Chemist: 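First the structure, which I've put down as structure tokens, then a few questions once you've had a look.
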Amino acid sequence: MAKKNPFAFSDGNLRRVDKGIQKKAAGYYPSQRGYGSQISPTAAERLSYDSRWSRWRRGYELYSQGAFWDYGRTTVRVLAGTEDETEVNLRLYGFAPSNRDRADQLHYVLYREPTSYETLGVLVEVQDTGSGQKALVVTQASNQLRRLVGDRITDGICSATVVDVQSESGIPLLVTGLLSSPSLAIDFVIPASPELTDFLATIGGVGALAGRAIAGQPNLFSVPLVLPSLVGDANQFGLDLVAAAIDSRVIFIEGVAQSFVPFAASAAFTGSFGYNGAQLSTVFNSGLTLADVSEQVNGIDVSVPTLAIATASLDLDGNLQLSCSTATANGDLRIQFGGATIFVDPDSTSVTNPDGTVSQISCTFTLGVSLKATPLFCCSCPDHSKVRFRSPSSNNRQDRYPLPSFAARGRFDSFDDTAGLFSTWRKPDYSPRENYCKHIYAAQFIVGLKPQEPGDYPVDDGMIQLESQLKKEMKAIGERMMNPFWGRDYARLELLYVLAQGVGFDAVEFASILPVNQTGVGTGTVQLTGNTVLFHNGTNFVDLFAPP
């Protein structure tokens, strides 16, 4: 009997796995291509793959051949009932994928028009901080500056990325904290009304309220504070809430068939929040004390998951009193300010030309003008978002290999199920504002921005290969678009993703706008049925992209 080799294979069955089919000497392509194997493209192939010009060229082809769906434009009111309430103007476009791996889904580009966030503050001074950042001092500062860290602002010509925003006293506009007490108690009072009476009759009376979900849209409550006291030291401090109240806020109570019914209510919050003093290290180093910071606090933004009603009763006047509690909550301190200092990255500055093109050169902001947010493009395709949505297609090969969750370290453990709806391989320093895919380039052409042609052309025979591949892709897309059902129904997760990105929602707020799931997460702010997208604007549901 022949002796077997030490690798336990029978004689003659050994196959080499260390020698692949190499297109070029510098590359490495193993012959065994299983999960976990690695390839090493040549430098020329890597340059061709990373070429922005290739994306620009594909985007122009999508635009010129009309290979997209225009779902129209809309204006949405986000964070209704909070200090950060604002209106955002949006356009939505759909693109068919060019591969057969996800042939039953669309990718979406959401365009936040420049008419959103138009008055962020009047620029009065530009300072060099000496720490690699520029400070833009503004008066008449808008509350929206709290939500635009990481976004881009412009004076109409010069634009830059926002790194931080501070008040006149040098305190960050938002100081984030977590619930430090065992629970946060929340009591709601809904005034008596015929609508309340009808609602109670529909669900079976006051006794049927226990255990039902109750929430805001989203679950963010801006609670005003008068002379709060921060207790602790420069390392750790806390804030105690004792029946801190909101006079009037629209809340939603679960009705029948997972519907939410709106009511105006007052709310009182009782609990404690803790804060890491490292957030204010520069403040304390400048000589300010915790008492000085307390004098600048005028409110707290309390974020909670969807709540469950613990007790419900009617008082003598017919008002409905509800009590509930949660063991997870965020409490972000709000700092009062009239003016603000916006810190920007000087290396991120660029110039917007009169024809809409952008020059990647440094620029100087103009004093005396009102700053506004730049137009924003969000795309749900993996090339731009670095996100794969759960089960986008039954044939998707990537479903076999789960990736780390995008929001695995979210603010609430109860949101893990919702956050797991998509996964990402995005690096911490990845900026979607500086990396455009072919769909965003196409959308820029569609809205008339005329994106400047990049100069990083593919090398070697990359141009020939690109044109050949592009011809095949456009033929496949054209055949799919001939189907009258293409673009008819929305891909739920991808559309929710770009909506959340476009209006500046974080992971928690993103979870709260989703329809209610089995664990009670989500308030149903966004409802999708076929080709209809309903968004709750704080008063009622409106069709986001209804035809004019």
Side-chain angles (χ1 to χ4, degrees), residues 52-76 88-114 116 356-358 375-385 387 389 392-393 432-433 435-454 466-467 469-502 528 530-533 543-548:
R52 289 181 297 122
W53 187 89
S54 299
R55 293 171 171 82
W56 178 91
R57 176 70 180 87
R58 285 184 164 94
Y60 179 77
E61 199 68 25
L62 291 171
Y63 156 72
S64 61
Q65 296 196 27
F68 60 90
W69 285 267
D70 186 346
Y71 293 98
R73 62 201 307 168
T74 188
T75 299
V76 297
V88 180
N89 303 315
L90 306 171
R91 292 189 192 181
L92 183 69
Y93 301 96
F95 295 88
S98 56
N99 57 27
R100 297 187 178 276
D101 212 24
R102 298 185 63 257
D104 58 344
Q105 297 282 318
L106 293 180
H107 295 310
Y108 299 100
V109 172
L110 190 74
Y111 171 46
R112 187 185 71 194
E113 298 188 76
S116 306
T357 59
V358 175
L376 173 65
F377 290 89
C378 308
C379 185
S380 62
C381 77
D383 186 37
H384 176 257
S385 65
V387 163
F389 295 88
S393 169
R433 299 299 299 271
N435 297 270
Y436 283 172
C437 62
K438 61 183 179 183
H439 307 115
I440 289 182
Y441 278 122
Q444 288 184 317
F445 281 114
I446 295 169
V447 301
L449 289 183
K450 302 177 183 177
Q452 188 177 31
E453 181 178 355
L466 173 64
E467 293 297 334
Q469 185 180 13
L470 185 56
K471 183 178 179 180
K472 296 178 182 178
E473 290 178 0
M474 294 308 302
K475 181 180 179 181
I477 291 175
E479 291 174 351
R480 292 185 182 126
M481 292 192 69
M482 293 298 294
N483 188 327
F485 294 99
W486 266 105
R488 181 176 177 181
D489 292 345
Y490 290 108
R492 178 185 301 269
L493 287 181
E494 296 212 14
L495 184 55
L496 287 172
Y497 176 83
V498 294
L499 280 174
Q501 296 293 309
L528 289 88
N531 63 346
T532 302
V533 183
D543 190 344
L544 267 188
F545 301 100

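As the structure is a computational prediction, the values presented were derived from the model and not from experiment.
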Chemist: So which heavy atom on Gly94 is nearest to which on Tyr71, and how close?
Modeler: N-CE1, 3.6 Å

Chemist: With side-chain contact (heavy atoms from CB on, under 4.5 Å) as the test, would you mind laying out the steps for Ile477 and Gln65 before giving the verdict?
Modeler: CA-CA 10 Å; Ile477 291 175; Gln65 296 196 27; over 6 Å; no

Chemist: Examine distances only and state if a side-chain atom of Ser380 and a backbone atom of His107 form a donor-acceptor pair shorter than 3.5 Å.
Modeler: no

Chemist: Hey, what do you get for CD1 (Ile446) to CD1 (Ile440), rounding to the nearest 0.5 Å?
Modeler: 11.5 Å

Chemist: How many angstroms lie between CD in Glu453 and CZ in Arg52, if you round to the nearest 0.5 Å?
Modeler: 11.0 Å

Chemist: Please walk me through it: do Arg58 and Tyr441 pass side-chain contact (heavy atoms from CB on, under 4.5 Å)?
Modeler: CA-CA 8 Å; Arg58 285 184 164 94; Tyr441 278 122; over 6 Å; no

Chemist: To the closest 0.5 Å, what do you measure between SG (Cys379) and CZ (Phe95)?
Modeler: 7.5 Å

Chemist: Would you call the rings of Phe377 and Tyr111 parallel, tilted or perpendicular if under 30° counts as parallel and over 60° as perpendicular?
Modeler: parallel

Chemist: Do Val109 and Arg91 pass the side-chain contact (heavy atoms from CB on, under 4.5 Å) test, and can you show the C-alpha distance, the side-chain angles, and the key distance before you say yes or no?
Modeler: CA-CA 8 Å; Val109 172; Arg91 292 189 192 181; over 6 Å; no

Chemist: Any idea which heavy atoms bring Leu110 and Val498 closest together, and the distance?
Modeler: CD2-O, 3.1 Å

Chemist: Taking the side chain as every heavy atom from C-beta outward, state whether His384 and His439 have any atom pair closer than 4.5 Å.
Modeler: no

Chemist: Atom CG in Leu62, atom CZ in Phe68: separation rounded to 0.5 Å?
Modeler: 9.0 Å

Chemist: How would you list, by chain and number, every residue that makes a side chain to side chain donor-acceptor pair (under 3.5 Å) with Asp70, sequence neighbours excluded?
Modeler: none

Chemist: Verify side-chain contact (heavy atoms from CB on, under 4.5 Å) between Arg73 and Asn89, making sure each step is shown before the conclusion.
Modeler: CA-CA 7 Å; Arg73 62 201 307 168; Asn89 303 315; over 6 Å; no

Chemist: Please evaluate residues Lys438 and Glu61 with respect to the criterion salt bridge (charged side-chain N to carboxylate O under 4.0 Å, His left out), reporting the C-alpha separation (whole Å), side-chain torsions for both, the decisive distance (0.1 Å), and the verdict.
Modeler: CA-CA 9 Å; Lys438 61 183 179 183; Glu61 199 68 25; over 6 Å; no

Chemist: For the aromatic rings, using the six-membered ring if either is Trp, is the centroid distance between Tyr60 and Phe445 under 6.0 Å?
Modeler: yes

